[in-house]
Amino acid sequence: MGLSIFLKSLDIFSDLNDRERFILAENAQGIEYAPDAAIIKRGEIGSFLWIVQEGEVKVILPPSGSAGEITILLKTGSLFGEMSIMTGEPASADVVAATACRLIKIPRDAVSQLIAGNPKTLGKFARLITERMLSNARVAAQQDLQRSAHQVNEDPYDLNFSSASEPLKILVLNSGSSSLKYSLFDTIQNQPLLEGEIEKIGSGDAAHQIRTPQTKRKDPQPSVMNMNDAFDVMIRTLTDPEFAAIDRLSDLNAVGHRVVHGGGQFSNAVVINENVMASIRSSCSLAPLHNPYNLEGIERMQLLLPDIRQVAVFDTAFHQTMPSHAYTYALPHEICEKEQVRRYGFHGTNHEYVALRAATWLKRPLGELKIISCHLGNGASLCAIDHGRSIDTSMGMTPLEGLIMGTRPGDVDPGVILHLMKGASLNFENMDRMLNKESGLKGISGKNDMREILAGAEQGDVQCTRPVSAFCYRIRKYIGAYVAALGGLDVLIFTAGIGANSSEIRAGICQGLDLFGIYLLKDRNLHSVDQGQVLDVSAPDARVRILVIPADEERMIARKTLHAMGRVRTVEETRMLRSKPVPISVSAHHVHLSQPDFEQLFGQGKTMTPRSDLTQPGQFACQETVNLIGPKGRVSRVRILGPSRKESQVEISRTEEFQLGIDAPVRESGDLAGTPGITIEGEAGRIELEKGVICAKRHIHMSPEDALGFGLRNRDVVRLGVRGERGLIFGDVVIRVDPNFRLDMHIDTDEANAAEISTGASGFIDSIQHRRYM
């Protein structure tokens, strides 16, 4: 039986026309399995819809809670993997061939696009997925199964490109003023095919370092006098049969470019177009030593490969989640707005990478960890990461702020700059050179290489011992500040050249941090760690894990390039996204209570009294209200929303934070670990919540049918546009899919007032900003 005819015989595809079935068949792949052969391993990221064409397969759910192992038999015509279309979460079961069988697998994106355009097929898939989601909700151990699936997944954050549904070759470029660094990745391999760096371009003393899994060498390149020459050398190397990387440049599928500064516009990597190029140009004044050369590299690759997607990966993007109180300078507001003066942060690509690598190694979700990442090299910065989000970082508007670095001073009293410009008659150019090239470790010791400084300190050279002590002290001070900002700490990471390789510096930094649960195991700290590995140097019983993780920005740029390509929508998919208005509801402050807490506030045996229905089915506003009491003040008559929850939670706006004297993090509902507490006052008593106060993250409720119609998945993060006199784009909007949800976006009163939006307004989904699994 032909594949198209077989698909037509299945009820779920029976409403597709011949052309649609042909497209589906063209994207499908038939695979034969012997009895007992593994088809899907538990923890594997779902990327395909599977259909049993011949034979039988077993779905094996592992024991969980009080339930033993469960085996489900699927026969000819059965589907599995359909939840990957909605979530992409790791598979919570093993799938094994029960007999000799033939299966069809179809990439989920091909399925998603077709069913979104066919209302009848969409309805069938929506009912199938709704039934599965409701079934999962009825299984008490499902959450445990999903968590364990995440833990057994060897690549839960796609650092080894597990999400790529087909092999792709990605070139990563870092174009500098006098250097060109490049790496070639193949998504079917963990290690780069080829890495190269051309240094000292134009000096007459240029050299080319080449590394492959088999070789490592350094070739003199004195004739490389400009960037054109450097690109010619790179292309010859990439296509050289000796290295067996690629036959021709057109074999590349994408190019990922490191771009240092994205201003305040980019919170993720983006496929480059004219608008993106213009934005990078507009940020050149913020990074004059980097962005112009990054742009030059992009323009050269666009000429060489005009039909290949180019992706910009910004050092600043990860830090776009910093709250305003962390990125604001206390300077005149009007000047800061006009001149784009604020703290942006850098090294974001590596801070994010090591956080993901730490979560993978610890087998814990990134979303439950409090992390401090110490990127220590010639350039150095710390980052406080709360539940996967950067909430503060030591570098500021430029890479000059923060820690003592190789040639940069870090934090300096601005009055010192004014004093030197006046007293030492330093002009702008001299001051710029001093701050960027002659300060930091070099300024104190005359050397900017930490290895040389440590060797001098070993010999008792005071000019070397002083910078080592100052370097470690500044980092210790920032760690203490960030533990306070995070409200605790789970993981301390050392990365980059000094952080990953100097046991002496790590030991110096960790001295005196016992108060925070940071205990370094001295013998373990002396061990070395290879690229791609993680070394735990903390004491076995320490509360905080101290991890050494080598930097791998090139891998992260390749991963972000892969994901940015996956977020690009075709014209038809863009039409799907914008095909239906999303109603907007303005959510005022409110309280969710557990039943025991409700009874303590209103009397034993009391239950919530519905006052009015909310937009989401089964949810209601109660007649009962409570008073919120914080360290500074109170907010009265706050409405309780029902039904009761497992855990009590308070949602307030930013203005109410100030009124109450509480600094509440932006979190999704139910994500309460490490949040501040509050006193709640009711008619019959008070309760003291130890945690539970949040500012709710923007979100859109959707049913499975809505999500399938938009071509979206649960946990996608999108941008939503609102039209009108004050048209604007809301970013960081989380998609939440549930069979009981009705299409509706929630924003708080502060956001609504700022945008002059009231309940009843609507918006249109503009684009996908983040996607957990590609």
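Remember, predicted model here, so these are calculated numbers, not experimental data.
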Notebook entry, point to check: Are the side chain of Y344 and the backbone N or O of L286 linked by a donor-acceptor pair below 3.5 Å?
Noted result: no

Check: From I453 CD1 over to I498 CD1, what is the distance, rounded to the nearest 0.5 angstrom?
Finding: 8.0 Å

Notebook entry, point to check: Are any side-chain N or O atoms of R698 and backbone N or O atoms of G731, one a donor and one an acceptor, separated by less than 3.5 Å?
Noted result: yes

Check: Can you tell me if CD on E458 sees more than 12 non-hydrogen neighbours from other groups inside 6.0 Å?
Finding: no

Notebook entry, point to check: Taking all atoms of both residues into account, what is the closest heavy-atom pair of S503 and N525, and its distance?
Noted result: O-ND2, 2.9 Å

Next item on the list: For the pair R559 and D552, find out whether any cationic side-chain nitrogen is under 4.0 Å from an anionic carboxylate oxygen.
Entry: no

Margin query: Before you tell me yes or no, could you show the steps for R654 and S324 under side-chain contact (heavy atoms from CB on, under 4.5 Å), namely the whole-Å CA-CA distance, both residues' side-chain angles and the distance that decides it to 0.1 Å?
Written below: CA-CA 11 Å; R654 286 295 188 200; S324 60; over 6 Å; no

Item checked: Sequence neighbours excluded - ring pair (Phe, Tyr, Trp, His ring centres under 6.0 Å) pairs with any residue from residues 379-428 -> none

Margin query: Just checking F658: does its CZ atom have more than 12 heavy atoms from other residues, nucleotides or ligands closer to it than 6.0 angstrom?
Written below: no

Item checked: Non-hydrogen atoms of R474 and D411 that approach each other most closely -> NH1-N, 3.2 Å

Notebook entry, point to check: Is the backbone N or O of L159 less than 3.5 Å from a side-chain atom of R555, with the two atoms forming a donor-acceptor pair by type?
Noted result: yes

Checklist line | Check: N427 side chain, N430 main-chain N or O, donor-acceptor pair, under 3.5 Å | finding: yes

Check: ring-ring contact (aromatic ring centres under 6.0 Å, His included) with F318: which residues, sequence neighbours excluded?
Finding: none

Next item on the list: Take I298 and V259 through the test side-chain contact (heavy atoms from CB on, under 4.5 Å) and record every step on the way to the result.
Entry: CA-CA 9 Å; I298 294 170; V259 181; 4.1 Å; yes

Check: F346: what forms a ring-ring contact (aromatic ring centres under 6.0 Å, His included) with it, not counting sequence neighbours?
Finding: H261

Check: Distance only, no hydrogens: is a donor on one side chain within 3.5 Å (strictly under) of an acceptor on the other, for Q209 and E199?
Finding: yes

Check: Can E553 and R258 be counted as an ion pair, charged N to O under 4.0 angstrom?
Finding: no

Margin query: So does R719 get a backbone contact from the side chain of S767, meaning a donor-acceptor N/O pair under 3.5 Å?
Written below: no

Next item on the list: Using the six-membered ring wherever Trp is involved, compare the ring planes of H351 and H319 and label them parallel, tilted or perpendicular (cut-offs 30° and 60°).
Entry: perpendicular

Check: Side chain of S439, backbone of M434: donor and acceptor closer than 3.5 Å?
Finding: yes

Next item on the list: With sequence neighbours left out, write down each residue that passes ring-ring contact (aromatic ring centres under 6.0 Å, His included) with F471, or none if nothing qualifies.
Entry: none

Item checked: With sequence neighbours excluded, residues passing side-chain hydrogen bond (donor to acceptor under 3.5 Å, both in side chains) with H770 -> N268

Item checked: Distance in Å, T465 OG1 paired with I444 CD1, rounded so as to fall on 0.5 Å steps -> 10.5 Å

Next item on the list: Quick one: do N378 and M450 satisfy side-chain contact (heavy atoms from CB on, under 4.5 Å)? Show the steps, please.
Entry: CA-CA 8 Å; N378 193 51; M450 182 59 83; over 6 Å; no

Note to self: Please give me the minimum heavy-atom distance between G402 and Y478, naming the atom from each residue.
What the structure shows: CA-OH, 3.5 Å

Margin query: Please report the interatomic distance CZ(F266) to OG1(T316), rounded to the nearest 0.5 Å.
Written below: 9.0 Å

Check: Residues in ring-ring contact (aromatic ring centres under 6.0 Å, His included) with F231, at least two apart?
Finding: none

Check: Are side-chain N/O atoms of S267 and D732 paired as donor and acceptor at under 3.5 Å?
Finding: no

Checklist line | Neighbour count >12 (heavy atoms, 6.0 Å) for atom NZ, K200 | finding: no

